[in-house]
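Ligands are counted one by one from 1 in listed order, and the atoms in each one are counted from 1 as well. Below, all heavy atoms of this structure are taken into account, side chains as well, without hydrogens, waters or symmetry copies. Here the structure is a predicted model, which means the values were calculated and not measured.
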Amino acid sequence: MNLVFLGPPGSGKGTQAVKLTKEKGLTHLSTGDLLRAAIKNGSELGKKAEGYMKKGELVPDELIVGLIENEITGNEILNGFILDGFPRTINQAEKLKEMLANNKVVLDKSILFDIDDDEIVKRLSGRWYCPKCNASYNYPAKMPKVEGHCDFDNAQLKRRPDDKEDVVRNRLEIYKRQTKPLEDYYRKESILVAIDAKQSPDEVFQSLINLLNGLN
Ligand code: AMP
């Protein structure tokens, strides 16, 4: 099963991708996570990407396509994957199509996480994560047991710098301008399915499972 998760920032793609990869034995590939790791390691890619990410802008296509190409080529990922946060432009989608065709792999579905802007701003302003194990929390919907500390390793929780409200608004604008056209792109390819991402995380997960079971 090869899936693309499509949807605005804060729609829950990452949380659901982590759960679904465990359940279905898929590989989860998040370009956002890969870029944040590159920044942490101080790599060339990280240095080039950091400025764009801080402002909530998209990192240039050639950097992202190179990153994905590296992950895909000769990798286990081709046994089944969830792409989370990629593609984000029509050009990236075209490049992905080419890469998959070269490896004789097809995309089964593009799942759209449907949610409105106000809910996104509310969610992202309450989002915290653990810098050690990457677990995510949300105030007040999913609080840690001890305020400000991770349930799994007790590390001090952090906020993503691009979750500040003005940056979130910019990310939403950019989503509408550059990424939303992918909804039509995948609709035309007849592989777009939408789920209601405003539901609770458990309900969204159940919707995903129902949807995928229906495909088998
Ligand atoms: P995310 O974790 O998916 O919200 O991504 C965080 C940030 O990483 C985005 O706001 C972009 O700056 C950058 N980014 C992640 N994926 C892509 C992509 N496919 N194309 C361009 N920029 C990306």
Any atoms of ligand 1 less than 4.0 Å from a non-hydrogen atom of [X]? List them with their elements.
X: Leu35; answer: 8 (O), 13 (C), 14 (N), 15 (C)
X: Arg171; answer: 4 (O)
X: Thr31; answer: 15 (C), 16 (N), 17 (C), 19 (N)

Flag the pair [X] and [Y] as a salt bridge only when some basic side-chain nitrogen lies within less than 4.0 angstrom of an acidic carboxylate oxygen.
X: Lys19; Y: Glu23; answer: no
X: Arg171; Y: Asp166; answer: no
X: Lys158; Y: Asp163; answer: no

Check: ligand 1 and Gly85, any nitrogen or oxygen pair closer than 3.5 angstrom?
Finding: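 Min N/O separation from ligand 1 is below 3.5 Å for Gly85.
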How far is [atom] from its nearest protein heavy atom, and which residue and atom name does that atom have?
atom: atom 4 (O) of ligand 1; result: Arg160 NH2, 3.1 Å
atom: atom 7 (C) of ligand 1; result: Met53 CE, 3.8 Å
atom: atom 22 (N) of ligand 1; result: Val59 N, 3.0 Å

Notebook entry, point to check: With backbone taken as N, CA, C and O and side chain as the heavy atoms from C-beta onward, which portion of Leu58 lies under 4.0 Å from ligand 1: side chain, backbone, both, or neither?
Noted result: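 The answer is both.
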Margin query: Can you confirm whether the side chains of Asn102 and Glu98 place a donor and an acceptor under 3.5 Å from each other?
Written below: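 Distance-only check fails for Asn102 and Glu98.
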Item checked: Option whose closest heavy atom lies nearest to atom 3 (O) of ligand 1, chosen from Arg88, Gln178, Gln92, Glu57 ->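 Selected option, by shortest heavy-atom distance: Arg88.
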Notebook entry, point to check: Under 4.0 angstrom from ligand 1, any heavy atom of Lys13?
Noted result: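 Lys13 does not count as a contact of ligand 1 under the 4.0 Å cut-off.
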Next item on the list: Please confirm whether Arg36 comes under 4.0 Å of ligand 1, counting heavy atoms of the residue only.
Entry: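 Right, Arg36 reaches ligand 1.
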Checklist line | Aromatic centroids of Tyr137 and Tyr129 separated by under 6.0 Å | finding: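 Judged by ring-centre distance (under 6.0 Å), Tyr129 and Tyr137 do not meet the cut-off.
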Next item on the list: Drop me the distance from Tyr175's OH to Asp117's CG, to the nearest 0.5 angstrom.
Entry: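 Nearest 0.5 Å value for the OH-CG distance: 10.5 Å.
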Next item on the list: List the steps, then state whether side chain to side chain contact (heavy atoms under 4.5 Å, CB included) holds for Leu20 with Ile82.
Entry: CA-CA 9 Å; Leu20 199 62; Ile82 299 177; 3.9 Å; yes
Notebook entry, point to check: Do Ile115 and Leu192 belong together in a cluster built from hydrophobic side chains that touch within less than 4.5 Å?
Noted result: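 Cluster IDs for Ile115 and Leu192 differ.
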